[in-house]
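Notes for the one structure printed next.
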Amino acid sequence: MRWVTWVGICTFLAFAGCRDADSPNRVEPAGAELSGAQKSRAQDLREAREDLKAVLTRHEPSDVGSFPLFTEVTANSGLEFSFHTDAIPGRYFLPEIMGGGAAWFDFDRDGWLDLFLVNGDELAAGTLGPKRHADVLFHNRGGQGFEEISGAASAGTTGYGQGCAVGDFDGDGFEDLYVTGYRTSMLLHNLGDGTFSDATPESGTLNELWGASVVWLDINDDRILDLYVVNYLDVTFENQQHCRFNGVAGYCGPGHYEAVSDRLFLNLGDGKFRDVSDEVGIAIPNGKGLGVTVLDFDLDGQNEIYVANDMTPNFLFQRLASRDRAGHPDVVGGLPRYRNVAPIAGCAVSDMGQNEASMGVTCADFDNNGFYDIFVTNFYAQKNTLYRNLGGLQFEDDSRRSRIVAMSYDRLGFGTVAFDYDRDGSSDLFIANGHVLGPAHKPFEMLPQILHNDGQARFDDVGSRAGDYFRHLYVGRGAAGADYDNDGDLDLLVTHLDRPIALLRNETVTRNHFLGIELQRADRLPPHGTQVIVEAGPRRIFSMSVGGGSYLCASDSRLLIGLGDWSDPVTVEIRWQSGEVVRHDKIAVDRYWLAIEGRPLLPPVKGVPTP
Amino acid sequence: MKIRVWALIAVGILSAGGYFGVTHVVALRAHDRAQRAIRIQDWRAVRSELQTYLNVFPSDDSARLNLAEAFFKDARLDPERAISSAIQQLGHVQRESPLFPAARIQEARMSLFARLQPQRAESLLREAMATDPNNVDAHYVLWKLHDLTGRSHLAEPQFRKVLESTPSEQRPFRLREWYMSQFYPATANPEIDQLMGFLVPGAVHTAVMELRRLETFRDREPSAALNHAAVARWYSLEGDPKAALLLLQKALDVAEAPLQEPFFVATLTQVLFDLGEFDNALKHYRAWPGEVVGYEHSRLGAILADEVARDYGRAVRGYREVIAVWPGQADWRIQYRLARCLAKAGDESAAETMRGQAKQVELLMEEDVHSPLRRMLETPAQLEICQRMTQFYEQLGLVYEMQQWRDQVNRLQSESHRTGRSRTQ
């Protein structure tokens, strides 16, 4: 009887439960609410998982249209050169670790770019004796390799070399060289017959400070080239500091030494130069400079000078536009005045106000807004920095949005080249990396990088797929780009501390097209600041001729413009620095053109094949 | 017959009484012996005696705490078993007990320092503080816990509570601890790192050691989103946001409700921002869990307003909030950001002032400034050191700390006067 009663109670409770559950007016128990919240959380988690997966996929180089392919052809090309660092174990004398530069230039005007390589020397032997480790000039044999010639050596170069720049300082039609070095410098006059003479003493361009990068430019519109030499630090054997990092000896950095001011040598036109650094206003204290570039950032027809400084704020020198009562430009004894506007322009320090340890610099219109942006390579555990040009000489540090931050904290960048390796119409980046503390510190050698630009100045590191060279570690320093084989894409020359130079031929497989333009001003000065706008169907692609750039190096001065898949003739608008604006219609693509100011576009005279 | 029954009952009562009397006496004697054993740190004896005592007096929470401590400190026991037994004893202390906070704090200590489970420890400390908001021990352990988990920016309220209850002459030592938390948080607690087995006595703190600690926390308590975020934050601060993001992605699968943990969301937002993934960063920032306040929330909000929305007015307001609280006052990078936004918003004069302030703070963060301070602070209770610290905090604009060090200057000066007077008398 008792069990019958229990069954009855249980049945009642069960039915009561069912009825309650079916009731439309039932109140959700707390557990059900929790379940709702849990469902929402689970949904959030699912979404977050998908988002993060997408982000990580984006940061893998899998969605890039065409991967870069660079093949190292150094040995096959006949190039054999190692920079003599003169690194003596345990000495830790800073110049040993800074590396050397290279310059691409057509010294014999045969239409093929030749290669000049700066060498170090024995530091303890002093700076003025003949070099035991000579600079080297390699002649380009029509894109079929190189042969070493004695041209540069014939000048009897001296001292521990660092950087170099190319410019025809005497207007004889042959490009000359200026070589900076550790407390010395050389002006090498190209005699046009394959030999060079040392014009340093009579020219008055000897720079007895520690010079780094250098650039030729005309500062006073007299149509002859002047010289801007970037100086680094006051380091001598007498004031050398000894540093230990985590207890291990290494090279003391710029924080341990005083800066030495940059120098501006005014070309007087008679083969002589005058140091006008103080008069024009560029001799600013505390600039520990390494890189320099010259171009027209604000498209006002006047070039600015940007200097990358190591652990001190970078400089942006703007030529003052103010005029005196007579309407003449603000000049001092026939010289313009320059003002460092980097702090107010927003390109002196990082977005967080931090002085970054800048080494190399390169410029391009990464976001295709018509203004050239600045990319600076910086120290390890600092980010590299992309200063986006907003126009009106205003910049902002756009390194995060562009993903530069994500790809640069674990590298220490030096030479850098902005170029469109896949001709998709957006400038990509090459960066040579390597540490400076010394071999006992890890990391010392580093992977080089190629950053692909998606067209909106957002970058992906595609180096790991760019060929064998990019899978190894180096102590990279200089980097210079050139289409040395005139095939319509930019190749790369990289200098190292720990191994010979590398020539990387661009063999990227792409169906994209290009336009090559060699700009020549009416006065035959370098066309720095001249803007070229290519209209390829609906696209307008902005380019500009840039002086200097990278680190210690000089690149091909021709413009190589990627057109994407546009294969029809294009319109080319050239905005010369003189103010002249010329449009050239129906210009065939996939070839080089020679643009001489005031004349129609011409095919280049020599060297460059036309399809 | 009746007499026999009553006699039997009486004998029974007397026997029971006797038994209880004897066991009470035995228990009380055991308690006394336990107290003596505690004094000589004979933990085995303490355990034995207190277990005897607690069989008779099971609701004596004080004895429970001592027994737990005896388990914890008895080196002869298997550590995990010892901790489990100790925690079991502490679990007997009910919420109504006045010793409830003490029991929770003790358990928190064991969870943090022995089991290396910071999230468990934090929840126990918060339980203790819910019952006794002014419990100094709870605040002190929470302060250290924040340091050890890479969240020293949260530690200021705990430091202040601890300092307020510290006797004046002991305060320089507390202030020194706070200085280390402020400027060297990862290496501020070498004794604790030694206790936890991360630092060998005499060895130097390294960043790798800090990572090992954070990774161990994560491995010991894998369901705690906080621990995953701390490891990811380490990588983020070391400049590897991609590695940080990978860790956070894994945490989404392992941790419990990671998106409900503000530190996790803050780290995720920062990492996505550093990777240039602004849309995703904004999305997670907007879904901030719990109260939308605090240093991290304000800082990220201001940065996103600045760099993503380009809303410089909002960014200026946000940055001003950030630099008004610790650690914003010492974050010269944020101050430079504020200067830049002020300039963008058209207030060049305020921007210039802020740039000057940022520069001053930046210079005060140089190692050249801090190395001598650290050396001096080895013996903090000295007049000239207190004066130097007062000056340092005054330059930095940290009024509370400056006042505290100044109080120490005054105390030491008046002591010095008293000593001088008594000598002359």
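In what follows, chains are A, B, ... by sequence order, proteins preceding strands, each numbered from 1.
Interface check for chain A: of the options Lys283(B), Glu277(B), Gln249(B), the most heavy-atom pairs under 4.5 Å are formed by Glu277(B). Ranking Leu56(A), Val405(A), Ile344(A), Asp44(A) against chain B, the residue ahead of the rest is Leu56(A), based on heavy-atom pairs under 4.5 Å. With respect to chain A, the highest number of heavy-atom pairs below 4.5 Å among Asp331(B), Asp253(B), Val271(B) belongs to Asp253(B). Counting heavy-atom pairs closer than 4.5 Å to chain B, the top residue among Gln382(A), Lys53(A), Arg401(A) is Arg401(A). No other option in Arg337(B), His284(B), Lys344(B) has as many heavy-atom pairs under 4.5 Å with chain A as Arg337(B). Of all the listed residues (Arg49(A), Glu47(A), Arg403(A)), the one sharing the greatest number of non-hydrogen pairs under 4.5 Å with chain B is Arg49(A).
Aromatic pair His297(B)/Tyr285(B): centroids less than 6.0 angstrom apart.
Here the side chain of Glu221(B) pairs a donor or acceptor atom with the backbone of Gln119(B) at under 3.5 angstrom. A distance-only check finds no donor-acceptor pair linking the side chain of Ser399(A) to the backbone of Ile404(A) [under 3.5 Å]. A donor-acceptor pair under 3.5 Å links the side-chain atoms of His228(B) to the main chain of Pro222(B), judged by distance alone. Lys288(A) contributes a side-chain N or O that, together with a main-chain N or O of Tyr257(A), makes up a donor-acceptor pair within less than 3.5 Å. Using modelled atom types, one side-chain atom of Thr312(A) and one backbone atom of Asn286(A) make a donor-acceptor pair closer than 3.5 Å.
Neither the backbone nor the side chain of Glu348(B) comes within contact range of chain A, judged by heavy atoms closer than 4.5 Å. Interface residue Ala48(A): backbone and side-chain heavy atoms are both found under 4.5 Å from chain B. Of the two parts of Glu307(B), only the side chain, counted from C-beta on, holds a non-hydrogen atom closer than 4.5 Å to a non-hydrogen atom of chain A. Contacts of Asn280(B) with chain A are made by side-chain atoms alone, with heavy-atom separations under 4.5 Å and no backbone atom involved. Of the two parts of Ile334(B), neither the backbone nor the side chain holds a non-hydrogen atom closer than 4.5 Å to a non-hydrogen atom of chain A. Interface residue Leu272(B): only side-chain heavy atoms are found under 4.5 Å from chain A. With a threshold of 4.5 angstrom between heavy atoms, Leu252(B) approaches chain A through its backbone and through its side chain. With a 4.5 Å cut-off on non-hydrogen atoms, Phe278(B) touches chain A through its side chain but not through its backbone. Neither the backbone nor the side chain of Asp279(B) comes within contact range of chain A; no heavy atom of the residue lies under 4.5 Å from a heavy atom of that chain.
For the salt bridge (charged side-chain N to carboxylate O under 4.0 Å, His left out) condition, the pairs that include at least one residue of residues 375-395 of chain A, sequence neighbours left out, are Glu356(A)-Lys383(A), Asp367(A)-Arg388(A), Lys383(A)-Asp397(A), Arg388(A)-Glu396(A), Arg388(A)-Asp398(A).
With contacts defined as side-chain heavy-atom distances shorter than 4.5 Å, the pair Ser358(A)/Asn309(A) does not qualify.
His370(B) and Phe183(B) have tilted rings, their planes meeting at an angle from 30° to 60° on a 0 to 90° scale. Note: Tyr306(A) and Phe297(A) have perpendicular aromatic rings, judged against thresholds of 30 and 60 degrees for the angle between ring planes.
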